[in-house]
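Data first, discussion second: the structure below is written as structure tokens.
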Amino acid sequence: MTHQDEYDEERVEPAPDAEPSWFPGNHLPEDARKLGLTHHVPDGALLEFAGSLDGAKPYHRITAWVLLVVFGLPVLFALMRLLQAL
């Protein structure tokens with residue numbers, strides 16, 4: 001009798017014409033593709049980079065936090081300027 005782990009899954013083979021997951025543009029959400037974003041434009045490249053981060057890896061989590069700070073601080077500073085002007 002063999003014991004099967006509850007997380008075991010059957011191996012799924014990719015379609016023969018599918019590109020490997022490490023090719024550019026494979027981490028973009030479907031909605032972004034519908035909007036016409038690709039890895040060639042800055043917004044699409046940023047989305048693809050963020051989509052390729054893996055939460056299980058510590059350096060990827062650190063990178064995600066750094067990105068959050070980099071894009072969040074200008075918004076915070078703008079809000080602080082608005083509140084100061086009132």
Side-chain angles (χ1 to χ4, degrees):
M1 184 168 125
T2 61
H3 174 61
Q4 234 182 347
D5 189 36
E6 63 179 332
Y7 299 109
D8 283 346
E9 296 180 11
E10 293 181 23
R11 182 173 172 87
V12 178
E13 294 295 326
D17 59 344
E19 293 179 339
S21 63
W22 61 83
F23 275 24
N26 288 338
H27 297 288
L28 280 174
E30 189 60 35
D31 293 335
R33 289 186 188 142
K34 287 180 184 176
L35 290 172
L37 292 177
T38 66
H39 63 280
H40 297 290
V41 296
D43 294 334
L46 186 60
L47 274 175
E48 182 184 1
F49 175 73
S52 67
L53 294 176
D54 182 9
K57 298 178 180 178
Y59 287 120
H60 287 213
R61 282 197 309 263
I62 292 169
T63 303
W65 277 105
V66 168
L67 284 174
L68 185 63
V69 168
V70 165
F71 287 105
L73 278 179
V75 174
L76 179 67
F77 291 152
L79 286 174
M80 288 172 51
R81 270 188 262 126
L82 281 174
L83 291 175
Q84 186 180 14
L86 294 176

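As the structure is a computational prediction, the values presented were derived from the model and not from experiment.
Scored by the side chain to side chain contact (heavy atoms under 4.5 Å, CB included) test, Leu47 finds Leu28, Ala32, Leu37 as partners (sequence neighbours excluded). For Leu73, the side chain to side chain contact (heavy atoms under 4.5 Å, CB included) partners two or more places apart in sequence, or in a different chain, are Val69, Leu76, Phe77.
When hydrophobic side chains of Ile, Leu, Val, Met, Phe, Trp and Tyr are connected at separations under 4.5 Å, Leu83 ends up clustered with Leu86.
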Side chains of residues 53-65: which donor-acceptor partners sit under 3.5 Å, not counting sequence neighbours?
{"from": "Asp54", "atom 1": "OD1", "to": "Ala56", "atom 2": "N", "distance (Å)": "3.3"}
{"from": "His60", "atom 1": "ND1", "to": "Asp54", "atom 2": "N", "distance (Å)": "2.8"}
{"from": "Arg61", "atom 1": "NH1", "to": "Gly55", "atom 2": "O", "distance (Å)": "2.9"}
{"from": "Thr63", "atom 1": "OG1", "to": "Tyr59", "atom 2": "O", "distance (Å)": "2.8"}

